[in-house]
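Chain identifiers are assigned alphabetically (A, B, ...) following the order of the sequence lines, protein sequences preceding nucleic acid strands; residue numbering begins at 1 within each chain. Owing to the predicted nature of the structure, the values given are computational and were not obtained by experimental measurement.
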Amino acid sequence: MKKHLILIFSLFLTFQSLAGYAAGVDEVITKYVNALGGIDKIKAVKNEKMVISVDAGGVTYTQTMYRKRPGSIRSETSVQGKTSVQVFNGTQGWSLDPFSGRETVEAMTEDEIKEVKMEADIDGELIDFAKKGYKVTDEGEEDVDGSMAHKLKLVTDKNDVVYFFIDKDTGLLVKQVNKYKNEDGSESEGTMMFSNFKNIEGRMYAFEMEVSQSYQGQVYKTPVKVVSVEVNKEMGDDLFQKPEVKK
Amino acid sequence: MLKHHLWLFIGLFAAAPIIAQSQLDAKIFGDIKARHIGPSIMSGRVACLDGVNKKQSILYVGTAGGGVWKTLDFGVTYKAVFDKHNQSIGAISIDQAHPDTIWAGTGESWTRNSVSVGDGIYKSTDGGDNWKKMGLDKTERISKIIINPNNPNTVYAAAPGALWSDSEDRGLYKTTDGGSTWNKILYINPQTGISDIAIDPSNPDIMYAAAWEFRRKAYAFNSGGKNGGIYKSTDGGATWKKLSNGIPAGNLGRIGLAVSPADANVVYATIESKETAMYRSNDKGETWTKTGTHNYIIERPFYFTKLIADPKDPNRIYRAGLNMLVSTDGGKSFTPFRGGAHGDYHDVWINPNNTDNIVVATDGGVYVSYDRGSNFAQHRNLPVGQFYHVACDNEENYNVYGGLQDNGSWMGPSRTLTGSIENRNWTTVGWGDGFWVVPDPADNNFVYSESQGGELQRYNKKTKTAKSIKPLEMAGQPRYRYNWNSPIGTSPTNINKLYYAAQYLFVSYNKGDSWEKISPDLTTNDPVKQKQEDSGGLTSDNSSAENHCTIYSISESPLNEKVIWVGTDDGNVQLTKDAGKTWNNVVKNIKDLPAFSWVSSIDASRYSEGTAYVTFDNHTQGDMNAYVYKTTDYGVTWTRLGGNSIKGYCHVVKEDLQNKNLLFVGSEFGLFLTLDGGANWAQLDHNNNIPNVAVRDIAIHPKTNDLALATHGRGIMIVDDITPIRELTQEILNSKFHAFAIKPYFYPEFGFDAISFGDDEAGFINPRSGFVFTYYLPKKHMGGDFYVDVLDEQNKKMCSKIASKRKGINMLEIDLQIKAPKMPTGPSAAYAGYYGAPLKAGNYKLKVVKDADTTYVPFSIINNPNSEYTAADKESRHALMMKIYKQCNDFTYSINSHDDVKAKLKALEKEFASNEKVKKMLSEYASKLDAQRNLVVDSKEGMITDGNKYLRDKLSNLYIQVVSYQGKPSATQFEKSEAFAKDIKDNETAYAAIDSKYMTALNKELKAAGKPELTVMTRAAFDELK
């Protein structure tokens, strides 16, 4: 659950046009950036706070997520009065898990750091992708829920792959597939669908998401609703320090 | 996990669908998805495989009809990675220097009668996630791909080519630019292709190629000819010479080649000739010596020719066959594998780092051995069975039946009452190659099945015995000719009637114990097409696969039992209107149909006696086109349907049971359908979870409205409840939003299974079991609110769900439950807090909010009509469940409200740090609250708690018990709940006593200090909290 919830951060994507890449990539990302509201609006975001609710059938989880430039992220998920916390300060990350019988703070694994680092990128993976050591290629078009979308493939410096599906008509990101190569040699995959886009202070945000996970051939879908988005409010750095166990 | 919900939608439309005259847009079918139910217990034919030498956990498997599969974990789990493309794989080759680059050649080269056709060569550069076609579209089949180890942009592809016709597209192809362009570097003639190639590992410019002349017809196969032989090039394929020194003279058939990786001078060849044998060259092919003539080497060279040289030992060579042969003395003697794998080996991958570890490809899937074939483990998670036919019975949770290529006849459930459909749920009901498998409509204990060549049997499920009931010719009668895949027919008008056919049509009324011949020879009876003893070419091969001039399809009119249609493999469509007294061959009335086209299926209409649909399969004459015809006048006139809208030669046409304009066609490349009686067609493809796999048969279940597909490469698939497809009209397609009516819903009643399997145990999903709201959107909903609330009769919101937003049919699953009760925090989870309370039976409605539009859709929850529990039982359960639900909340309120008080006390400690009196009061108050809490909620760390000690756990457990069982709760459970009432009250009383003792006094101090008084959170405030 944790991975998928934190992945949701990745919808805030933007792009700075860079010369030297296939015209298809530039055109598609420019289209996408314009659909979001333009590069200025995106770059103006210094921090974000998002509250989401996750419908897990019998219970609804509420999660609050904070992101702050240049690369910090924190998420808090509350269930039955307990709160799990994941924090990444740009270099180190920790998880506080109160659901395993003992409240402990554990350092994130390398796999988790790799993922959370990408999720903490407030601009998203596509912006300045070359500077970040990523490669992006145009993979043509693909159907997403009955509408055609541009498909971009991003390969990270760790050889992880993210597919972005940019709706042909609107330029909005409607689907994202993350494929991670784990340290143990296994691979993990997460898919997110984005919809119900709303304009918040000149910038488009997806207010609904669907997170899919495959397990033993079955696909489990979790609907996620954005309750609120705040941009550039006061956000101290102490939020991104190692969490403490409250006794 | 959950039992099928039996979704049925009311309101069948009276108006006939009228669809615009254009290609039907497949996207309108949206969430209609096929459910793959396997099985993988017997798996299916695997044509080739290749592993990553540097990381042996990764293996790619090329299947005969089910695409490419990949494992990352030594076969513990597999994933299909080729669903968007042609499913018949002839060759797989990994660029070992860049193992994310894989080449796949389509078109299996093991040219049995049922083999599919390919459409070119594909390349992936990302480990199989995405594939790009790189040309060679017309080669039809590719048997081997070799990547130059020194330059991966140079790739060779051997194309035996077309099986059923001449072709100039066969030969050996080479690319030097990674597949952008190809040159045909070795071509013999339109009859002779290249069946194998081998490359010198020490000098990749030295190559060997095997030329093979072959041809299959519907009634015969030939392997061998004067143009067969071994060619060698020393310049990367620019020039070639035909090798002869030591090669047998005369006609040659299929040849397998291998160069030893351990000694490039050593080249092996298994050569089909008049005296098929193993040959070896020790001088790079210049001279050859016959080394071995093991009996098994002569077995079916067209099907088993693969040679694999050991990576380390030049004298160890493997030869695929009915059994895998291995030689350790350089090809002189051979020993079959001793291990217990399925026979019919086609390929071997040898782990280069541990050559004891081999992986084999067989007609029964993939097996792995760690002792060179002495013992095998099956990878029982590759659902690539090649079914020929499918049938369903009428049991609750109906069973599906079908026969497979080389894997017998099976039955299995369409759904289980536990987690998923698993290997253990499948049962064999017949052996050999399986084809038609038909449950007896009159007695479901009996199953009719057959093996190749008409070996019909009646299987008894209870005793697991089988009785042969094949009609046999008597003295003086012509020999009965049975097809490889002889038709078993049931009657839609008489459940006691059974049909079977050779060149004659037979009928039985006593479960096959005796048969009446009700037709003359209905075939062309062409003697030229009845020389199967001579079939095979250089190597005789008469397995009944080429039996011809036989009846292949039978269909009795549902409206008149005397009207019977029969189709033959040699092109006749015969009709009787008098139960067999007279017959009329009406195929002559089809003017534009190629002569002798195989009649692959006939479906007599249930709406009009003179109407029938016929599919013709003419691929055995090299014609891959779709031929679907309809007559409305008993075959006097015919209309061709579909044309080029249907891809590939067709196996089956099926008229829907309720909508006469809805037709389904299964072709070699997938499932097609029309909503308007055949004018416009669409394919349900990978977007609907149906790869481009051969759909050999279709069954529509009359009760569940499910569409069951027999695929030849991906097992059985089921499209659950096609009612929304049936109801699609132009009016709906033109609407901005359409909500399909909802039939009364009832909760599934499912069981459990306490068995833990590993990840290697394939499990296939059961039908949706929850409530589904089905609606249509003309386009994807991109912006604005779109959600669904569930309201009770008083319009109170019970639950809510974000709507799905895709174009076309949406199927939104909604949990019909109120949120779980609140539970106090503890060191371990109280599971009641995760389980919502299901809504009780009654009338409800959906409030669908889409932008500014609101639509209300009524529905009801009813008691399961098949339930063993009465309505009173369920009401009793619901009442107790909600009582405990409330008790949980009452209890949690008392705990949480005092947790809140404690938090406030803690905050006050700082404010009164210098006031010892108040500090003491705060401390004592908090301490008392803790003490009371610890009496009812576990406070110790650890995940394992005694669920019977603390009230929190006891409440949670009782709630879960009652939620988990839909029948009447036990008397004990009722009593326990009664007892909880006192426990909860006692807890509240204890808290009240503590509050009474401390709060009033404390509030005096707070008031004096000008602070707000302490209060206990109100129940209303608690209820508002999420």
Side-chain angles (χ1 to χ4, degrees), chain A residues 53 55-62 78-82 98-103 139-140 143-149 151 153 155 159 161 163 167 169-170 172 174 177 179 181 185-187 189 193-199 204 206-210 214-219 221 223-225, chain B residues 1 25 27-28 30 36 55 57 72-73 77 126-127 129-130 420 687 759 761-765 777 779-787 800-808 813 815 817-820 822-830 833-837 896 899 941-945 1026:
Chain A
S53 68
D55 183 356
V59 62
T60 299
Y61 303 95
T62 298
S78 297
V79 185
Q80 283 192 14
K82 290 192 169 190
F99 300 115
S100 57
R102 167 188 282 180
E103 292 202 15
E139 299 286 307
D143 179 284
V144 177
D145 280 354
S147 292
M148 295 309 292
K151 182 180 180 183
K153 178 184 180 184
V155 180
N159 224 19
V161 174
Y163 291 103
D167 185 68
D169 292 337
T170 63
L172 292 164
V174 289
V177 179
K179 297 169 74 78
K181 295 184 187 297
S186 63
E187 293 182 1
E189 181 173 328
M193 309 291 288
F194 305 102
S195 62
N196 195 8
F197 295 89
K198 294 184 179 177
N199 189 321
M204 298 299 283
F207 267 65
E208 288 169 13
M209 286 152 265
E210 184 181 78
S214 292
Y215 179 66
Q216 291 190 336
Q218 303 195 37
V219 178
K221 295 180 178 178
V224 177
K225 193 171 183 176
Chain B
M1 183 176 291
D25 179 5
K27 292 176 182 173
I28 64 173
H36 298 203
K55 191 172 184 182
S57 59
L72 288 166
D73 48 27
T77 62
D126 57 6
D129 284 347
N130 295 280
S420 57
N687 289 309
D759 290 320
E761 180 68 28
F764 300 94
I765 59 172
L777 295 178
K779 63 179 182 179
K780 182 176 165 72
H781 181 83
M782 288 296 292
D785 288 337
F786 189 14
Y787 61 90
S800 187
K801 185 77 183 267
I802 297 170
S804 60
K805 303 174 178 73
R806 63 161 306 124
K807 175 179 177 173
E813 287 192 60
D815 291 324
Q817 60 181 1
I818 59 173
K819 290 296 179 189
K822 294 169 185 168
M823 298 302 292
T825 306
S828 60
Y834 298 94
Y835 285 80
N896 285 12
D899 286 351
E941 283 188 344
M943 295 183 73
I944 310 301
T945 60
K1026 286 187 177 177

Minimum heavy-atom distance between B/Ile802 and A/Pro223, given as atom pair plus value |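 In terms of heavy atoms, the two residues are closest at CD1-CB, 4.2 Å.
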What's the shortest heavy-atom distance between A/Gly58 and B/Gln817, and which atoms?
-> N-NE2, 3.1 Å
Could you tell me which portion of [X] (side chain, backbone, both or neither) has an atom closer than 4.5 angstrom to a non-hydrogen atom of chain B?
X: A/Val79; result: side chain
X: A/Val155; result: neither
X: A/Thr170; result: side chain

Give, for atom [atom1] of [X] and atom [atom2] of [Y], the distance between the pair rounded to the nearest 0.5 Å.
X: B/Asp126; Y: A/Lys179; atom1: CG; atom2: NZ; answer: 8.0 Å
X: A/Ser147; Y: B/Lys779; atom1: OG; atom2: NZ; answer: 8.5 Å
X: A/Asn196; Y: B/His781; atom1: CG; atom2: NE2; answer: 6.0 Å
X: B/Asp129; Y: A/Lys153; atom1: CG; atom2: NZ; answer: 7.0 Å
X: B/Ser804; Y: A/Met193; atom1: OG; atom2: CE; answer: 10.0 Å

Looking at [Y] and [X], is there a salt bridge between them, counting it only when a charged N and a carboxylate O are closer than 4.0 Å?
X: B/Asp785; Y: A/Lys198; result: yes
X: B/Lys780; Y: A/Asp169; result: no
X: B/Glu813; Y: A/Lys221; result: no

Heavy-atom pair count under 4.5 Å with chain A, highest-scoring of B/Lys55, B/Lys805, B/Met782, B/His36 | B/Met782
Is it the side chain or the backbone of [X] that comes within 4.5 Å of chain A heavy atoms, both, or neither?
X: B/Asn896; value: neither
X: B/Phe786; value: backbone
X: B/Lys807; value: both

